[in-house]
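Any value given below was found using the heavy atoms of this structure, including those in side chains, with hydrogens, waters and symmetry copies removed. Please read all numbers here as calculations on a predicted model, not as lab measurements.
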Protein chains: 4
Amino acid sequence: MEKQDLSEFRKDQILQAATAVFARLGFHKARMDDIAQEAGLSKGAVYWYFKSKDEIITTILDRFMDRELENIQRISQGDGPIPVRLMKMMKTLAKEIEEISDRMPIIYEFYAIAAREEAIRKTIHRYFGKYTTLLQELIQTGIERGELRDVPPHEAALSLVAQMEGCKLIWILGVFDHPEVDLEKLFISSMNFMLEGLILEV
Amino acid sequence: MEKQDLSEFRKDQILQAATAVFARLGFHKARMDDIAQEAGLSKGAVYWYFKSKDEIITTILDRFMDRELENIQRISQGDGPIPVRLMKMMKTLAKEIEEISDRMPIIYEFYAIAAREEAIRKTIHRYFGKYTTLLQELIQTGIERGELRDVPPHEAALSLVAQMEGCKLIWILGVFDHPEVDLEKLFISSMNFMLEGLILEV
Amino acid sequence: MEKQDLSEFRKDQILQAATAVFARLGFHKARMDDIAQEAGLSKGAVYWYFKSKDEIITTILDRFMDRELENIQRISQGDGPIPVRLMKMMKTLAKEIEEISDRMPIIYEFYAIAAREEAIRKTIHRYFGKYTTLLQELIQTGIERGELRDVPPHEAALSLVAQMEGCKLIWILGVFDHPEVDLEKLFISSMNFMLEGLILEV
Amino acid sequence: MEKQDLSEFRKDQILQAATAVFARLGFHKARMDDIAQEAGLSKGAVYWYFKSKDEIITTILDRFMDRELENIQRISQGDGPIPVRLMKMMKTLAKEIEEISDRMPIIYEFYAIAAREEAIRKTIHRYFGKYTTLLQELIQTGIERGELRDVPPHEAALSLVAQMEGCKLIWILGVFDHPEVDLEKLFISSMNFMLEGLILEV
DNA sequence: AATGAATGAGTGTTCATTCAT
DNA sequence: GATGAATGAACACTCATTCAT
């Protein structure tokens, strides 16, 4: 393996191990020793590739957010009517999130830290910003195409982002005790309500 | 002051101080000394009233959730049409949340811990459970009164809870850079979308 | 009750409680709270009668040693032949020690501290000094009466003291696993050996 | 130095330092910092080799007892008449004990703890058990050879153990104020009395 | 590159002691 | 006399980080 490749390989190895340990123990209780052990490396090796525990955490967040954005970008492509595309997005997203469900809880550690850590906050803002912009464009298109009502696109996008974040939250917390409710159903029904409204049409 | 009263007073004093310190520094970085100092007491006094840092954290969550539930219960009372009442709820809730905005970030610490701590998780589940039930009843009523479409009440309630949690989340994270968007607007517009739908009526 | 009497009563009450707690937990692990609780008093009350934990410890040792010396003095009285009186002493002593067996282990805490604490050491020296003197006198008498060989009385006394202390030690430590061996037997057989010697008389 | 060797070397280094500190200050007053400093290491290094203060204490006792037993075993070898060999033992033992006199007081800390700590008690029992057995065998041999009276060997062994423990105790406590009395004299004269008896032969 | 021994600052918790009531 | 709330010094132990090899 090339030098560069090995370095990248090791970093991934460590990041993956760290993510697993963080998910299991939380940022604070997870020791560098735990991470090293999980990665099958020595503590010194971990420090060879990352300056500090914080750098590992920051890097995990960065990569996580990058991946999420790529996912959304990818699955928001398409050419059907906007409402249909939004519904499709929900389905795909749900599947992808469910696949990494065991690593999801650490996202709330990031949110918790965000209030105090500029770097973390920046990354999160960037993520939500792009996320919102993307949805806003979809909505704008939908309005222009006459597929959606003439709503303020930014507000609508924010509401959609909020809706999805909320769904993820209560799903991860395992809030609902109806086992038949999985994340996809939650996403779908939520999007349905958003699209069609609850109020009786007169 | 009576013995009992003093004890309650001190506990409140400590809890309030701890909440402030936790919001500022996070659970981990907050030292018992910080809490004691913020409360104007000695560390020993803090330990006279609470067995451990964990007990303080747990108690804060318990009381916080109790208060939130009381709030929601209170402001969900009323007798206008359900959609109107829901909109009113949003306004009142937004105001109340904005008042305690500085203490809100710690809620994500709780969510982060919930994955690992049974006790924390239980409290959070109880909170969301009651919250959902309450909204579900409102929706049920709305349907019966012919004010809302005939949607599955539980699913609708979950979506509403998710919507509101999501709004709180992105608001606390300071996600949107449009300063004119406050929590109330976010709540209101989200509820509007939920109620009326995005899709063009044919 | 008279003022003076109450004070003495309380002191005894505390000392007794402290002794029990110390025997159970050791000097260090025993907290003033434990002592107070065992005495059925408040911590403040304990401090009303004793300046400090150390004073309690010191006082316990003082009284313990006084009592032991009184015992020995009393049971060394008599008028039979010295060997007989020594054997009788062993029996009585054994009985008395067995009665307070649960409180005996703390004596080794005292011995352990003695190396570092002048006050404790003094008390212990005084105790052993009187103890030795008393035995020395008995032995002297025995020699003069022609009941014992013409041995150096001081050395013999020291050996007897050592013998008895050693018996107490291995008995308290529960060293021997022959359950039929109680302290009395140990004392008796030891004294027998001392008196008659192991070596075959030619 | 090999890895294994360094580890053993460090452990010895720490144990030796700890023993010195414990002898000076007692188990409780001795801080881990003191031990680290005495060993010329950092506190972290001490914890690298020992899990806890307790483990250090336990290990010290184990090694101490092992060494004592080896000593006794070694010096009980020989082929003269048993009484002579016993006297020789006393002399050698006295010399060896006097060499480590500064570390002896901690033995009473162990005895004090033994009442409460299973592990400590076990080690002490094992020590006294082997000690007694060894003496018992000597005595048995002595009886068979016609060098000692026909006494119950186990009882006699216990008495001898008690005698020696008692001598050590009063010597360590510095009980006697006759400076000409050293441990050897005490051992010798005690053994003499045991062997020859105090009572006048008729 | 990688190891793991070594460092030492940091902190939750305990508890003897004090003191207002 | 007695209470128990309050104090604060003390300490065992942890763990991120460093560095010699």
Side-chain angles (χ1 to χ4, degrees), chain A residues 3 6-7 10 27-37 39-57, chain B residues 1 3 6-7 9-10 14 27-37 39-56, chain C residues 1 3 6-7 10 27-37 39-57, chain D residues 1 3 6-7 9-10 27-37 39-56:
Chain A
K3 225 178 206 182
L6 175 61
S7 182
R10 283 277 186 263
F27 288 161
H28 174 231
K29 273 203 167 179
R31 294 170 303 133
M32 291 301 268
D33 277 303
D34 296 323
I35 295 171
Q37 188 173 43
L41 292 169
S42 74
K43 206 170 9 171
V46 174
Y47 273 94
W48 183 263
Y49 293 100
F50 292 93
K51 253 203 303 295
S52 67
K53 193 176 178 182
D54 265 5
E55 195 182 272
I56 295 180
I57 292 175
Chain B
M1 204 177 333
K3 208 180 255 189
L6 175 62
S7 182
F9 179 77
R10 282 275 183 269
I14 292 165
F27 288 160
H28 174 230
K29 272 204 166 180
R31 294 172 303 132
M32 291 302 270
D33 276 305
D34 295 326
I35 295 172
Q37 188 170 43
L41 290 169
S42 72
K43 205 173 5 174
V46 173
Y47 275 94
W48 183 263
Y49 293 101
F50 293 94
K51 257 201 297 297
S52 66
K53 195 176 177 182
D54 262 7
E55 194 181 274
I56 294 180
Chain C
M1 206 179 328
K3 226 179 204 181
L6 176 59
S7 181
R10 283 276 185 263
F27 288 161
H28 174 230
K29 272 202 167 182
R31 293 171 303 133
M32 291 300 268
D33 277 303
D34 296 324
I35 295 171
Q37 189 173 43
L41 291 169
S42 74
K43 206 171 8 173
V46 174
Y47 274 94
W48 183 263
Y49 293 101
F50 293 92
K51 254 204 302 296
S52 67
K53 192 177 177 180
D54 265 4
E55 196 182 271
I56 295 180
I57 292 175
Chain D
M1 205 179 329
K3 208 180 260 186
L6 175 62
S7 182
F9 178 77
R10 283 275 184 269
F27 288 161
H28 174 230
K29 272 203 168 181
R31 292 170 304 131
M32 291 302 269
D33 277 304
D34 295 326
I35 296 172
Q37 190 171 43
L41 291 169
S42 73
K43 201 174 10 174
V46 174
Y47 276 96
W48 182 264
Y49 293 100
F50 293 93
K51 256 201 300 296
S52 66
K53 194 177 177 181
D54 263 6
E55 195 181 275
I56 294 180

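In this structure, CH2 on D/Trp48 lies 11.5 Å from OG on D/Ser42, to the nearest 0.5 angstrom. Rounding to the nearest 0.5 angstrom, the gap separating the CZ atom in C/Phe27 from the CD1 atom in C/Ile56 is 10.5 Å. We find the NZ-NE2 distance between B/Lys53 and B/His28 to be 6.5 Å, quoted to the nearest 0.5 Å.
Remark: P of F/dT17 and CD of A/Glu55 are 10 Å apart, rounded to the nearest angstrom. Going from atom CD of A/Gln37 over to atom P of F/dA16 covers 14 Å, rounded to whole Å. In this entry the distance linking CH2 of D/Trp48 with P of E/dT7 reads 12 Å, nearest Å. Atom CD1 in C/Ile35 sits about 10 Å away from atom P in E/dT17, given to the nearest Å.
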Quiz item: Dot-bracket for DNA chain F: what is it, with Watson-Crick or G-U pairs under 3.5 Å, [ ] where a pair crosses earlier ones, and | for a pair to another strand?
Solution: .||||||||||||||||||||
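Heavy atoms of A/Phe50 sit nowhere under 4.0 angstrom from any nucleic acid atom.
Closest approach of B/Val46 and B/Met32 over heavy atoms only: CG1-CE, 3.9 Å. For the residue pair B/Leu41 and B/Ala45, the shortest heavy atom distance occurs at CB-CB, 4.0 Å.
Taking for each of A/Val46 and D/Ser42 the nucleotide of DNA chain E with the nearest heavy atom, the 5'-most of the two is the partner of A/Val46.
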Are there any protein N/O atoms within less than 3.5 Å of an N/O atom in nucleotides 12-15 of chain E, and if so, which ones and at what distance?
| unit_1 | atom_1 | unit_2 | atom_2 | d |
| --- | --- | --- | --- | --- |
| E/dG12 | OP1 | B/Lys53 | NZ | 2.9 |
| E/dG12 | OP2 | B/Met32 | N | 2.9 |
| E/dT13 | OP2 | B/Tyr47 | OH | 2.8 |
| E/dT13 | OP2 | B/Lys53 | N | 3.0 |
| E/dT13 | O5' | B/Tyr47 | OH | 3.4 |
| E/dT13 | O4 | B/Lys43 | NZ | 2.4 |

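Every residue meeting the salt bridge (charged side-chain N to carboxylate O under 4.0 Å, His left out) condition with D/Asp33, not counting sequence neighbours, appears here in chain and number order: D/Lys43.
The side-chain contact (heavy atoms from CB on, under 4.5 Å) with B/Ile14 is formed by just one residue from the set B/Phe9, B/Tyr49, B/Tyr47; it is B/Tyr49.
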Quiz item: How far apart are the C-alpha atoms of D/Ser7 and D/Arg10, what are their side-chain angles, what is the distance that settles it, and do they pass the side chain to side chain contact (heavy atoms under 4.5 Å, CB included) test?
Solution: CA-CA 5 Å; D/Ser7 182; D/Arg10 283 275 184 269; 5.9 Å; no
